[in-house]
Every structure is written in structure tokens, then in C-alpha cells.
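The structure appears below as C-alpha cells.
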Amino acid sequence: MKKFLMAAMVLVLVATATFAHFQMIYTPDVFIAEDEGSKIDLELIWTHPGGGTHDSIPEPLSMNMAEPKQFGVWNKGNFTDLTDQLEKFDFIHGDRTATSYRMNYRLRGMGDFMFTLQPGPYFEAAEDIYITQCSKIIVNRAGLPTDWAEETGMLAEVVPLVWPMNLYEGSTFRGIIMMNGKPVPNAEIEVEYLNKKAFKGAFNDDVPVYDFGGESPAMGFATNENGEFSFSFPWPGWWGFVALMEGDPIDGTDHEVGAAIFMKVENSPIK
């Protein structure tokens, strides 16, 4: 009951099918100690983190990604373009596959490594709309905060207002939604929780799975007049936020622009 009341203070909780599209950048660990190996695996997956339906129309948990326009990493103020190092692969979960992208990256030095993705637009036939979700994930090596709060210049992005490391159930994340370099007031935000049971072992990490007995619940709210939002994590696992805005039409077709971020939340150290 305590966890539910805490969650209800910061979100609208709807016990129905989860929200749908989310541009995930996944890596098993977001904090790498200085004495650990410096190589990490990254997977770019266009998916439904919490369940497999959208607008009551059954569809695969993951969709075929359009070719990324740009993928790269920021560290200590410098940007490295990694787009040409991406490898296309079939993301497999159960009997389903989806065209996705991946790569192996070596973390050189310390600090925050902020990976950012500007994907190609995806056409959602069920809604007759194009969707472009600019996404990021922040990985830290050796505990030195550096780039986590920097703007990247993407079309849309979530800029953290607190360092997204050492997040535990009960802790609060704060961020600001930007589009074309300006804060977006009253932007609709969807909260996504990765229901790993729905993916049949497709992800390999030590984050516990919260058992919903099916699809994870849908959650959402809006930014304030300054484009800011906050969220307290009611349970551990992988969490994502995506703000949805109206973009310029593509060939006369409506275009939804999203700003997404993905983060790992650990078990509370206090019991």
C-alpha cells in the first residue's frame, strides 16, 4: 500500500493496457566500476516495453526500426558519431523478431557516457502517422559525473535535472522536456516499465522483475509550465519516459516527435 500511495502522488495510474511505442537504448549495466571491464553492449530496440497491444489491436512487442539517422556518445563535452559502427540484427523474443541495431563500445576514461539516438521516422499504419523518438541512455564509469545534464541538440530530448545514477525504488527522477532547444510546457509524458516476463528472457541483467500478472499498468502525466516533470519510482527495474509532441508533417502525413530516456532502478538498500 505504501508503494502504491507513493506512486499515485506523482502519476495517473490506469490499470489497462500499457502505452505503446518506445525507442529503447539498452545495455545491461549503467554503472561500470573503474576496475571492471570497459566494453559494453548496446542494443537499439523499437518496442512496447510493458506489453503487446496497442489501441486494442494485437501486434508484436517490438517493431522493425527505420535506419538510424545518427547514433553517438557524449563524454566530457565531446561527441563521437557511432552511426557507421551499428550492426543490424533481428531482436528475437519468443517466436517474434524485429529489425534492430546493436554495437559493442569501449568506455575510454571515466565519467558519463551519454548515448543518443536520432532514428529515422517510423510509419505507424494503425494510426496513419509517422513517429520519431529521439532517445538517450547514460552510462557512468568510475563514479565521476560529467555530461549527464548537458543538452545534445537533438530535435527533442529529456534533459535530466538530477544525476540518473544510483537510482533506487523510492527515489525521485526529475527532468525537463526540450524540443528545438526550448522547454515544452504541458507535454504529454508516458511512463514505461520494462516487463521482462513479456520478452521471454530477451534481456540479461540483474534487475528484479515486478510481477504484474500480465501487462504492466499504464502511467502518464504532463510537464509543468516550465517543461519540467518528476517521478518517484515505486519499484525497481528498467524505467523509461517519453514525451510526445507534434512535429512537422512528413509528405502531408501527421508526425509525432518524442523525447525518450531509459534508466535502471535498483532495489532499495534500506529495508
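With rounding to the nearest 0.5 Å, the separation of CG in Leu107 from CG in Asn75 is 8.5 Å. To the nearest 0.5 Å, atoms CD1 (Ile189) and CD1 (Ile177) are separated by 4.0 Å.
Between the side chains of His21 and Glu124, a donor-acceptor pair is found at a separation under 3.5 Å. Side chains of Thr83 and Asp81: a donor-acceptor N/O pair is present below 3.5 angstrom, by distance only. A donor-acceptor contact under 3.5 angstrom links the side chains of Asp112 and Trp163, judged on distance only.
The list of salt bridge (Lys or Arg N to Asp or Glu O under 4.0 Å) pairs with a residue in residues 131-142, not counting sequence neighbours, reads Lys136-Glu157. Screening residues 225-247 for salt bridge (Lys or Arg N to Asp or Glu O under 4.0 Å), with sequence neighbours left out, gives no hits.
The closest donor-acceptor contact from the side chain of Asp147 to the backbone of Lys76 lies under 3.5 Å. In terms of modelled atom types and a separation under 3.5 Å, the side chain of Glu169 and the main chain of Ser268 share a donor-acceptor contact. A donor-acceptor pair under 3.5 Å is absent between the side-chain atoms of Asp90 and the main chain of Ile92, judged by distance alone. For the pair His255 (side chain) and Asp248 (backbone), a donor-acceptor distance under 3.5 Å is present.
Atom CG of Asn204 sits in a sparse spot, with 12 or fewer heavy atoms from other residues, nucleotides or ligands closer than 6.0 Å.
In this structure, Asp128 and Asp254 have side chains that are not in contact, with every pair of non-hydrogen atoms separated by 4.5 Å or more. Side-chain contact between Lys69 and Pro121 is present, with at least one heavy-atom pair separated by less than 4.5 Å. Met24 places none of its side-chain heavy atoms less than 4.5 Å from the side chain of Glu43. Side-chain contact between Phe123 and Ile131 is absent, with no heavy atoms from C-beta onward closer than 4.5 Å.
Tracing side-chain contacts under 4.5 Å through hydrophobic residues (I, L, V, M, F, W, Y), one reaches Phe203 starting from Val30; they form part of the same cluster. Linking Ile, Leu, Val, Met, Phe, Trp and Tyr residues whenever their side-chain heavy atoms come within less than 4.5 Å places Leu42 and Val73 in a single cluster. Side-chain heavy atoms closer than 4.5 Å link hydrophobic residues (I, L, V, M, F, W, Y) into clusters, and following such links, possibly through other members, connects Val139 to Leu82. Both Tyr105 and Phe79 are members of a single hydrophobic cluster when ILVMFWY side chains are connected at heavy-atom separations under 4.5 Å. Note: the hydrophobic cluster containing Phe71 also contains Met65 (ILVMFWY, side chain heavy atoms under 4.5 Å, direct or indirect links).
The two residues Gly247 and Met179 come nearest to each other via the heavy atoms CA-CE, 4.3 Å. Between Thr223 and Asn186, the closest heavy-atom pair is OG1-N, 2.8 Å. Nearest heavy atom pair, residue Ile45 against residue Ser62, reads CG2-OG, 3.9 Å. Closest approach of Cys134 to Met154, counting heavy atoms only: CB-SD, 3.9 Å. The shortest heavy-atom contact between Met165 and Ile138 is CE-O, 3.0 Å. Between Trp148 and Val162, the closest heavy-atom pair is CZ3-C, 3.1 Å.
Under the side-chain contact (heavy atoms from CB on, under 4.5 Å) criterion, Pro249 pairs with no residue at all, not counting sequence neighbours. Listed by chain and number, the residues in a side-chain contact (heavy atoms from CB on, under 4.5 Å) with Val265 are Leu167, Phe233, Trp239 (sequence neighbours excluded). Partners of Thr172 under the side chain to side chain donor-acceptor pair (under 3.5 Å) rule, at least two apart in sequence or in another chain, are Ser232. Residues passing the side chain to side chain donor-acceptor pair (under 3.5 Å) test with Thr27, sequence neighbours excluded: none. Under the rule for a side chain to side chain donor-acceptor pair (under 3.5 Å), the partners of Asp205 that lie at least two apart in sequence or sit in another chain are Tyr26, Lys196, Trp238. Listed by chain and number, the residues in a side-chain contact (heavy atoms from CB on, under 4.5 Å) with Lys88 are Thr99, Tyr101 (sequence neighbours excluded). Not counting sequence neighbours, Ser135 has no partner by the side chain to side chain donor-acceptor pair (under 3.5 Å) test. In this structure, the side-chain contact (heavy atoms from CB on, under 4.5 Å) partners of Pro183, at least two apart in sequence or on a different chain, are Ile176, Met178.
The existence of a salt bridge linking Glu87 and Arg102 is confirmed by a sub-4.0 Å separation between a basic side-chain nitrogen and an acidic carboxylate oxygen.
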Going by atom type alone, with no hydrogens or angles, which donor-acceptor pairs under 3.5 Å involve a side-chain atom of residues 31-41 and a protein atom two or more places apart or on another chain?
residue: Glu36; atom: OE1; partner: Ala33; partner atom: N; Å: 2.7
residue: Ser38; atom: OG; partner: Arg106; partner atom: NH1; Å: 3.1
residue: Asp41; atom: OD1; partner: Asn104; partner atom: ND2; Å: 2.9

Table please: side-chain donor-acceptor pairs of residues 256-263 below 3.5 Å, with sequence neighbours left out.
none

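Ring geometry for Phe231 against Phe221 counts as parallel: the plane angle stays under 30°, on a 0 to 90° scale with 60° as the upper cut. Ring geometry for Trp46 against Tyr122 counts as perpendicular: the plane angle is over 60°, on a 0 to 90° scale with 30° as the lower cut.
Taking the centre of each ring, Phe22 and Tyr193 stay at or above the 6.0 Å mark.
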Show your reasoning for whether side chain to side chain contact (heavy atoms under 4.5 Å, CB included) applies to Leu44 and Met103.
CA-CA 9 Å; Leu44 317 182; Met103 69 170 295; over 6 Å; no
